[in-house]
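Below you'll find the structure, written out as structure tokens, and then a few comments.
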Amino acid sequence: MPYLSRVQKKYIISFTALILFTFVINIVTWDLPFCRDLSTFLYPFIIMGWGITVGRRITHRKMRWLLNFEITMMVFLFAARICKYTVFSGVPAVFRASYYIYIDFEIIIASGAFILSLLIGTSEDEKLSRVSWAVIIFNAIFLVFVSTNELHWKLYTFKNYSDGQYDTEYGWLYYVAAALGMLQLLGAMAVITKKCSISAVRKYWYFPVVPLVAGFTLMIIYYLSGGAPGLFGMKFYNFQEVFCLTVAAMLETGIKIGMIPSCSGYDSMFRRSHINAAIIDKNGEYRYHSLNYGSEYNMEYMRISEKEISGGKVIWESNLESIISLNEILADTVDIIESENTLIEKENAAKEESSRYETMNSLYNSVADFADSRMRKIDELLSTDRDNEETFKKNLANSLVLGSYIKRRSNLTILAAEEKGICLDELLLSINESMTYIRLCGINCRVNATGEGVREKVLPAEVVIGFYDIFQETVESVLEQAKNIMVNIRDAGKTVFKISVDTDSEEALNNLRRIGENTTFKEVFSRISTAAEDGVLNISAEIAGGQEVAE
């Protein structure tokens, strides 16, 4: 069973209770005056409620758009039923048009589910496949044919109008349309099942199948009964709610098992972040804040900044103690220089020293930004379980990995301060040194560089440092789960960096996705993506041609 948080369980129980309540309402109020269509009004609100949760959870832009489109079509389907039986009851033209609208919306919803299944495992920037476009074009042509059916009467035949209704007979085209919708739903199930079998959630392949099989069973009973099945004059359900709930349940189970990428608990992630920040609404109420926000610091060294955002503002704290300390050292140095032999020498020396310390201050500050958290992590590792030799060796190896990164990252930062570009050979040396200590953690690792003159190639400093940061973030996020780590740097018109991690951990995949979504990295690279295949996690970053720096 996939892991479900307490909030997710509450949502599932709430929606299930609402659906059962509406089902009972449909049975109880079937023949009551003014209440017959009450369930028809309730189902769209349930679907819209589900749509609100989809908008908050789905991270894949195209899938989120398509899911919202599916939900909109479901609401329109019930709106058409309300118009038929309630708003325009007794209008012959509306009665006939509603039958065609039902078929149109059902085929659109089924085709949307099939296209959604084809999007599973693709990146947001990837274009729709040829199969998806073929499905869209074929369904569009078919819907045009269905919508103009009153010209040739191959779908429905309406006879004997009485009391606002016709005697309706189904033509051969109706069964073709019904079969087309069912086939597309079966196709969606088949694609999802196949993709489950090659992913980390293969043991949950049956989750999307169960609601589809149950829904198909109820729809077949509907057709065999010649309409809404019932007992003792009570009708249990209509075709539209079974169809929509079947599609919604299949897609929701796909979300729950991780086939459709989603993320929730952003407030918890923000709370556990290392930054000291808080988000305040327009009324001045604190909505979110990190664990370290508001901790007791020496306020003499604290700078509090804020920025307006939509719906309120964000406030964050910056500890300037190190900068102030460096400024004090700089002041002391200036005093010493001013006591030298001649006024001219003292003035020139003071200017030179001031400039040097300003540069060092900026450089040390940038080094402190990335080194501080890891230095604290090293201190924590080396002070934990010293009496346990095995644990101490493991912590020592992890500390060496962090230490090598601090050393090499500082070196790259210093080079970046001196030159606009850094040779790729420096990056390879840094990765090789890090891998020396990664191997102590029991992980096989290797770095390859392919392409003519790739080692001598000079790239912008922020690109070289950015990839080394991605490499370190990847290593730290999978250090406990990885078996093998491979780094490839390839130059073929454009420079492409790729990291492959051999692991079976779903947690590692989630960590890798978060790295790929880091906005800082996206500002540096023209494209950054993550993927998982056969137990191997991949993160790729590339820069466009022409970003090389002339030597």
Side-chain angles (χ1 to χ4, degrees), residues 5-8 10-11 48-65 67-68 124-125 261-327 358 361-377 413 462 465-466 469-470 473 476-477 510-511 513-526 528 530:
S5 66
R6 184 180 300 176
V7 175
Q8 288 176 323
K10 287 182 179 178
Y11 274 123
M48 286 188 288
W50 177 59
I52 292 172
T53 69
V54 166
R56 292 176 177 176
R57 291 179 293 160
I58 305 305
T59 57
H60 193 290
R61 186 175 64 255
K62 287 182 179 177
M63 287 189 175
R64 184 173 62 250
W65 184 91
L67 274 167
N68 287 329
E124 290 187 353
D125 300 326
S262 65
C263 184
S264 59
Y266 292 104
D267 54 341
S268 179
M269 293 168 58
F270 182 77
R271 180 174 175 79
R272 289 174 171 80
S273 63
H274 67 280
I275 59 174
N276 302 337
I279 297 177
I280 302 175
D281 62 19
K282 292 181 178 179
N283 299 323
E285 297 291 335
Y286 283 83
R287 306 306 297 266
Y288 307 103
H289 64 84
S290 61
L291 288 172
N292 294 329
Y293 179 77
S295 300
E296 292 187 4
Y297 292 105
N298 188 340
M299 296 307 295
E300 180 183 354
Y301 302 121
M302 188 61 61
R303 180 177 66 190
I304 299 177
S305 307
E306 64 179 52
K307 184 176 180 61
E308 296 292 330
I309 59 175
S310 177
K313 62 182 177 180
V314 60
I315 300 176
W316 68 96
E317 300 171 338
S318 304
N319 190 348
L320 306 179
E321 184 175 0
S322 59
I323 296 177
I324 294 174
S325 177
L326 286 172
N327 286 335
E358 285 179 2
N361 183 35
S362 175
L363 187 60
Y364 291 161
N365 188 45
S366 64
V367 170
D369 284 343
F370 65 81
D372 180 61
S373 61
R374 289 177 172 86
M375 290 295 291
R376 284 189 274 111
K377 181 66 174 177
T413 302
E462 62 269 18
I465 293 175
D469 287 343
I470 293 177
E473 291 284 349
E476 291 183 26
S477 63
N510 291 332
N511 292 336
R513 286 179 180 141
R514 284 194 289 271
I515 296 170
E517 295 169 1
N518 188 310
T519 55
T520 302
F521 296 147
K522 288 184 177 181
E523 291 175 357
V524 175
F525 296 95
S526 62
I528 181 167
T530 60

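Index from 1, following the sequence. Predicted model, so just to flag it, every value in this text is computed and none were measured.
- Of all the heavy atoms in I58 and R64, the pair that sits closest is O-NH1, 2.8 Å.
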inquiry  = One pair to check against side-chain contact (heavy atoms from CB on, under 4.5 Å): D125 and R61. What are the steps and the verdict?
reply    = CA-CA 9 Å; D125 300 326; R61 186 175 64 255; 3.9 Å; yes
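- Under the salt bridge (charged side-chain N to carboxylate O under 4.0 Å, His left out) criterion, K313 pairs with E306, not counting sequence neighbours.
- More than 12 heavy-atom neighbours from other residues, nucleotides or ligands sit within 6.0 angstrom of CE on M48.
- Going from atom CD1 of I470 over to atom CD1 of I465 covers 12.5 Å, rounded to the nearest 0.5 Å.
- Between the D281 side chain and the N283 main chain, a donor and an acceptor come within less than 3.5 Å of each other.
- Taking K307 as the reference, V314, W316 meet the side-chain contact (heavy atoms from CB on, under 4.5 Å) condition, with sequence neighbours excluded.
- Ion pairing between a basic and an acidic side chain is recognised when a charged N comes within 4.0 Å of a carboxylate O; E476 and R374 show such pairing.
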